[in-house]
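Below is one structure; the comments refer to it alone.
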Amino acid sequence: MMSMPPPLRLTVLAACLPFLGATAQPGGGPLASYTTTQARAGEEAYRDVCATCHKPDLAGASDTPQLAGDTFLGMWGGRPATELFAYVNAAMPPAGRKPDAETLMNVVAYILKKNGMPSGRTPLDETAPGIIAPAARDR
Ligand code: HEC
């Protein structure tokens, strides 16, 4: 068997290190995790605060973007869930009473659920590294 010269062997090892220990996804990095408790609380808050515009089924309307489905995932799939939270926390709802950050994090968990992502034991929070599932056509 041919053996690689030592410097090359080191390069190969270094190139592989970032991928060790994570469940790799084609979109890059592990999927975001949330708990069923978060999603349940998020559903309630979503109905209170978001559903008038984005609709109870998250389908959106002519002037309001979809929050679950291929259009949404085409925009947000593969991006960190924390980016989605940062957007929501900064911009949504556009007017009126603003829920606290924990409530909005729960709403993001509910959005992940409605996009077909599985719940897990790790709650979604501002330090979570996970990504949003890529759209079906990109998988
Ligand atoms: C008054 C109507 C209204 C309410 C209430 C509202 N939104 Fe929105 N939302 C919009 C509009 C309009 C846009 C498009 C904004 C833009 O393009 O600048 C938007 C954009 C978004 C986006 C970006 C979607 C994309 O693909 O670009 C997200 C995510 C979002 N809203 C989540 C929420 C959440 C979560 C809530 C509740 C906490 C909420 N919105 C409440 C009207 C609303």
Side-chain angles (χ1 to χ4, degrees):
M1 192 187 136
M2 255 175 34
S3 86
M4 287 188 278
L8 181 56
R9 217 182 291 149
L10 269 181
T11 310
V12 171
L13 179 65
C16 293
L17 274 178
F19 302 107
L20 296 177
T23 354
Q25 291 291 326
L31 289 181
S33 177
Y34 65 88
T35 64
T36 52
T37 310
Q38 286 183 305
R40 220 175 297 131
E43 177 170 10
E44 210 167 293
Y46 179 87
R47 285 184 199 291
D48 277 358
V49 186
C50 322
T52 44
C53 296
H54 292 279
K55 301 301 164 194
D57 60 357
L58 288 74
S62 54
D63 53 350
T64 309
Q66 178 196 72
L67 297 183
D70 278 350
T71 306
F72 175 81
L73 289 177
M75 170 97 179
W76 289 95
R79 290 165 67 179
T82 48
E83 260 181 48
L84 178 57
F85 168 76
Y87 175 84
V88 169
N89 194 35
M92 291 292 140
R97 185 181 56 88
K98 193 176 169 60
D100 62 24
E102 187 187 344
T103 302
L104 292 176
M105 190 66 76
N106 291 339
V107 172
V108 170
Y110 175 62
I111 292 173
L112 298 186
K113 178 185 171 183
K114 297 304 276 183
N115 279 283
M117 293 180 62
S119 60
R121 268 183 301 173
T122 311
L124 187 65
D125 67 32
E126 279 179 85
T127 64
I131 61 162
I132 300 167
R137 64 178 174 281
D138 301 334
R139 270 176 221 154

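We're numbering straight along the sequence, starting at 1. The model shown is predicted, which means the values in this text are computed figures rather than measured ones.
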Inset, instruction - Can you run down the salt bridge (charged side-chain N to carboxylate O under 4.0 Å, His left out) pairs that involve residues 30-42, sequence neighbours left out, and say none if there aren't any? - result: none

Inset, instruction - Check the hydrophobic clustering (I, L, V, M, F, W, Y; side-chain heavy atoms under 4.5 Å; chains of links allowed) and say if Val108 and Phe72 are grouped together. - result: yes

In residues 74-81, what donor-acceptor pairs under 3.5 Å come from side-chain atoms, sequence neighbours left out?
| unit_1 | atom_1 | unit_2 | atom_2 | d |
| --- | --- | --- | --- | --- |
| Arg79 | NE | Glu83 | OE1 | 3.0 |
| Arg79 | NH1 | Met75 | O | 3.1 |
| Arg79 | NH2 | Glu83 | OE1 | 3.2 |

Inset, instruction - Treat each ILVMFWY residue as a node, draw an edge where side-chain heavy atoms are under 4.5 Å apart, and state whether Val107 and Val88 are in one component. - result: yes

Legend entry - Pairs where residues 42-64 contributes a residue and the test salt bridge (charged side-chain N to carboxylate O under 4.0 Å, His left out) is met, not counting sequence neighbours: Glu43-Arg47

Legend entry - Side-chain heavy-atom pair Leu112, Leu124 within 4.5 angstrom cut-off: yes

Legend entry - Joint hydrophobic cluster, Leu58 plus Leu104, side-chain heavy atoms closer than 4.5 Å: yes

Identify every side-chain donor-acceptor pair in residues 93-100 under 3.5 Å, counting partners at least two apart or on other chains, and give the distances.
| unit_1 | atom_1 | unit_2 | atom_2 | d |
| --- | --- | --- | --- | --- |
| Lys98 | NZ | Asn89 | O | 2.5 |
| Lys98 | NZ | Met92 | O | 3.2 |
| Asp100 | OD1 | Glu102 | N | 3.4 |
| Asp100 | OD1 | Thr103 | N | 2.8 |
| Asp100 | OD1 | Thr103 | OG1 | 2.6 |

Legend entry - Listed partners of Pro129 passing side-chain contact (heavy atoms from CB on, under 4.5 Å), at least two apart: none

Legend entry - Heavy-atom donor-acceptor pair, Gln66 side chain to Thr71 backbone, under 3.5 Å: yes

Inset, instruction - Any ring pair (Phe, Tyr, Trp, His ring centres under 6.0 Å) involving residues 96-125? Give me the pairs, sequence neighbours left out, ordered by first then second residue. - result: Tyr46-Tyr110

Inset, instruction - Considering non-hydrogen atoms only, spot the tightest contact between Ser119 and Thr36 and give its length. - result: OG-CG2, 3.4 Å

Legend entry - For Thr37, side-chain contact (heavy atoms from CB on, under 4.5 Å) partners two or more places apart: Thr35

Inset, instruction - Please check if Val49 and Met105 belong to a single hydrophobic cluster, counting links between Ile, Leu, Val, Met, Phe, Trp and Tyr side chain heavy atoms closer than 4.5 Å. - result: no

Legend entry - Shortest non-hydrogen contact between Ala128 and Thr82, atoms and distance: O-CG2, 3.2 Å

Inset, instruction - May I ask you to test the Leu84-Ile111 pair for a side-chain heavy-atom distance under 4.5 Å? - result: yes

Inset, instruction - Check Ala109 against Gln38 and note the closest heavy-atom contact, atom names and distance. - result: CB-CB, 3.8 Å

Legend entry - All side-chain contact (heavy atoms from CB on, under 4.5 Å) counterparts of Ala39, not counting sequence neighbours: Tyr34, Lys113

Inset, instruction - Identify, with sequence neighbours excluded, every residue that meets side-chain contact (heavy atoms from CB on, under 4.5 Å) alongside Ser33. - result: Thr122

